[in-house]
Amino acid sequence: MPQRESAAQRIQELTALIHHHDFRYYVLDDPEVSDAAYDALFRELQDLEKQHPDLRQSDSPSHRVGGQALSQFTKISHRVPMLSLANALTEEEFQEFDQRVHRFLDRPVGDILEYYVELKFDGLSVNLTYENGSLSHAATRGDGETGEDVTHNVRTIRSVPLKLRTQTPPQLIEVRGEVILPIEDFEKLNRQQEEAGQKTFSNPRNAAAGSLRQLDSNVTASRPLTIFCYGMGYVSDLKLKTMAEYQDQLAEWGFPVGEFRRVCRGVNEVLKFYREIQERRSDLPFEIDGIVVKLNRLIELDQAGYIARSPRGMIAFKYPPRQETTVIEDIVVQVGRTGALTPVAHVTPVRIGGAIVKRATLHNQDEIDRKDIRIGDRVVIQRAGDVIPEVVKVITDVRTGREKKFQLPKTCPVCGSLVVRKEDEAVTRCVSRNCIAQLKERIRHLASLDALNIEGLGDKIVEQLVDAGLVKNYADLFTLTFEQIIDLEGFAERSTQKLLDAIQRAKTPELDRLIYGLGIRHVGEKTAKSLARHFGEIEKLMVANESDYENIHEVGVEISKSLLHFLSDPQTIRELRHLLHHVHPRKPKVPRAEGGLRLSGKTVVITGTLPTLSRSDATRLIEENGGKTSSSVSKKTTFVLAGEEAGSKLEKAKDLGVEVLSEGQFLKLIEN
Ligand code: IVH
């Protein structure tokens, strides 16, 4: 046999063998060969691929060890949106959920519904796309419609199948799962980070997210991430009837689905599972924050419909936050972006779930007084998900009398200006416009991921830039020179140029990101989007008045007041004008139409495959034109946007006499 042909054949054999051993080791936790034997196979494959680079397949296990770093992430639209879940925090709330589901399904109270239950893994959700059985793309959840392309990183996760274990894969399928970092690995990683003088992670979920969102897949490959898969998005040609069947199918294809999952009949069986898992929670090697309960029959799930962005037939049944006791060693005051003074307790480090807690927020003076929290007190603290830990109560029985009461200072601990507490507010603020602490936070916020996303401009660098007097306002960021940056500690030529490039890229942001980045009180991402859409240009926002704001859905009295306050301050206006010399926001794609937006107040249901638009593009166009999308057809639906293979929704629209538009008709409708 010619050498090339035999190499091709051996590569195929090795690929299949390594996939098989990965599955045994990482999914079944039941290896068949020794590590040394496995390594030998791996090296043989790598050598052959080096000799014949063109024979390396996209699903080759050699992709698992990382590769060339990317310069930035690209976006990927999910074919079917990634929704979220409503929560039940108590057993009563769960019972109410069950009753609600009965009503939506039109079933008598006494009927027993079948639920599929499994763990709620606390990690980062991803969407894996398999084309003809091979992993072709992997994306983060993002906003549910569009996420970031992390294919290069996900390939390095050993428990993610690069190829489905079947001879007859579906043509196209999206698999949803949660990427997690086991607790032990998280602790090891933090120890390594600390030794290397790098930033540590506050909990396993953040560590998983940080590890997956790496431009350099070699970094991801060095982190022992794993995955649990819990669902599917788009699926071509697969006809199953229940959630349990779906999960079994995933398991058969080689996906880890977790061992704790079952079908429960009625509320009581679910409660039993909930309590059983609660008992075992602290023994699990990874973090969970609850269980997920799903109507098992897909037909019922569909019938129950959706509310906001969540299926009505599913719920996250959460466990109460974990609590521990510790001692308050000190109370330190932090100054935030808007000048708010936040007292923070430094506590004796204590492990709660997967994280070591060293600090807890005390919110404000009223909270300290109400709970009578003193320095030296033994306290109960709790941590729920990503929220900053907080003090629940003081254990007063063990007080010695040496505890010290705490009072917020009368002046800003950073700039020394007087602080003010308005009568109707709980927050005390430093009102100086020149407070360095506020400036640092403002710059951090402007540079953050959801604002201008200046990569590499982390907390430490902002600190250095402000302390060195190089950045005194927003605009200064954009006039930084090579010489100024390279002089800072820790910078070399390459890192300096990298930062300058990132700053350069941030000069043409989308308008809503800039508005959000200004850090106006109460203006979050969503409001910033509405403002951008409404005004179209920053200049128009800057000269708007109260009655202009009133016309915008989502802008209430509080936001309106805050905008007026922000935009009537002469120094802010001056700084903003300076910033706009350097930063030129891009206009939102669809400009404002006369007399309001075309689809204001309208509800649209999308169904089937559209000829040119993806689901998320169509949703974006509808939203940009002021409309809303819904996933179920009712009398309130304005029209159904239908494409190929539109099924029951199209039927229902016809039954209810709801208008049906094709993509062409829809595009005409929103044309300017
Ligand atoms: S089902 C409609 N099952 O929780 C969304 N989600 O709060 C279907 N999650 O974004 C989600 N474990 O990232 C489902 N067993 C599980 C899960 C799970 C973790 C995450 C997932 C989702 C979030 C919703």
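All values below were derived from every heavy atom in this structure, side-chain atoms included, with hydrogens, water molecules and symmetry-related copies excluded. Keep in mind that what you see is a predicted model, and the values were worked out from it rather than measured. In listed order, ligands and their atoms are each counted from 1.
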Colleague: Of all the non-hydrogen atoms in the protein, which one sits nearest to atom 23 (C) of ligand 1, and at what distance?
Modeller: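 It is K120 NZ, 4.1 Å.
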
Colleague: Taking the six-membered ring of F273, is the NZ or CZ of R262 close enough (under 6.0 Å from the centre) and on axis enough (within 45°)?
Modeller: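 No; the conditions do not both hold, so R262 does not lie above the ring face of F273.
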
Colleague: Among all protein non-hydrogen atoms, which one is nearest to atom 10 (O) of ligand 1, and what is the separation to 0.1 Å?
Modeller: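 It is S125 OG, 3.8 Å.
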
Colleague: Identify which of L301, L119, V179 has a heavy atom lying nearest to atom 15 (N) of ligand 1.
Modeller: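 Heavy atom nearest to atom 15 (N) of ligand 1 belongs to L119.
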
Colleague: At a 4.0 Å threshold, what atoms of ligand 1 neighbour a non-hydrogen atom of S84?
Modeller: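 Result: 2 (C).
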
Colleague: Using a 4.0 Å heavy-atom threshold (strictly under), name the region of A316 that reaches ligand 1: side chain, backbone, both or neither.
Modeller: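 The answer is neither.
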
Colleague: Does atom CD1 of I299 have more than 12 heavy-atom neighbours from other groups under 6.0 Å away?
Modeller: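 Open.
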
Colleague: Of R322, R281, K120, which is the lone residue that meets salt bridge (Lys or Arg N to Asp or Glu O under 4.0 Å) with E287?
Modeller: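 When salt bridge (Lys or Arg N to Asp or Glu O under 4.0 Å) is applied between E287 and each of R322, R281, K120, only R322 qualifies.
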
Colleague: Aromatic rings F121 and F228: how do their planes relate, parallel, tilted or perpendicular, breaks at 30° and 60°?
Modeller: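 The rings of F121 and F228 lie parallel, inter-plane angle below 30°.
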
Colleague: Looking at E118, which atoms of ligand 1 are within less than 4.0 Å of one of its heavy atoms?
Modeller: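 Listed by number with element, the hits are 3 (N), 15 (N), 16 (C).
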
Colleague: Does ligand 1 have an atom under 4.0 Å from some heavy atom of K294?
Modeller: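 Yes, K294 has a heavy atom closer than 4.0 Å to ligand 1.
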
Colleague: CZ of F260: more than 12 outside heavy atoms within 6.0 angstrom?
Modeller: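 More than 12 heavy atoms, drawn from other residues, nucleotides or ligands, come within 6.0 Å of this atom.
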
Colleague: Does ligand 1 have any atom that is closer than 4.0 Å to a heavy atom of G231?
Modeller: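 No, G231 has no heavy atoms under 4.0 Å from ligand 1.
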
Colleague: For the residue pair Y115 and F97, categorise the inter-ring angle as parallel (less than 30°), tilted (30 to 60°) or perpendicular (more than 60°).
Modeller: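 Rings of Y115 and F97: tilted, as their planes differ by 30° to 60°.
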
Colleague: For ligand 1, note which part of L124 has a heavy atom under 4.0 Å away: side chain, backbone, both or neither.
Modeller: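 Contact part for L124 vs ligand 1: neither.
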
Colleague: Quick one: look up the protein heavy atom nearest atom 13 (O) of ligand 1 and list residue, atom name and how far away it is.
Modeller: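 It is E178 OE1, 2.5 Å.
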
Colleague: Atom 12 (N) of ligand 1: which protein heavy atom is closest, and how many Å away?
Modeller: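 Ranked first by proximity to atom 12 (N) of ligand 1 is F121 N, 3.1 Å.
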
Colleague: Going by the order shown, which atoms of ligand 1 are within less than 4.0 Å of some heavy atom of P311?
Modeller: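 Listed by number with element, the hits are 2 (C).
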
Colleague: At what distance is the nearest protein heavy atom to atom 14 (C) of ligand 1, and which residue and atom is it?
Modeller: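 Looking only at protein heavy atoms, the one closest to atom 14 (C) of ligand 1 is Y230 CD1, 3.3 Å.
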
Colleague: For ligand 1, does L83 get within less than 4.0 Å through its side chain, its backbone, both, or neither, judged by non-hydrogen atoms?
Modeller: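 Looking at L83 and ligand 1, atoms from backbone and side chain both fall under 4.0 Å.
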
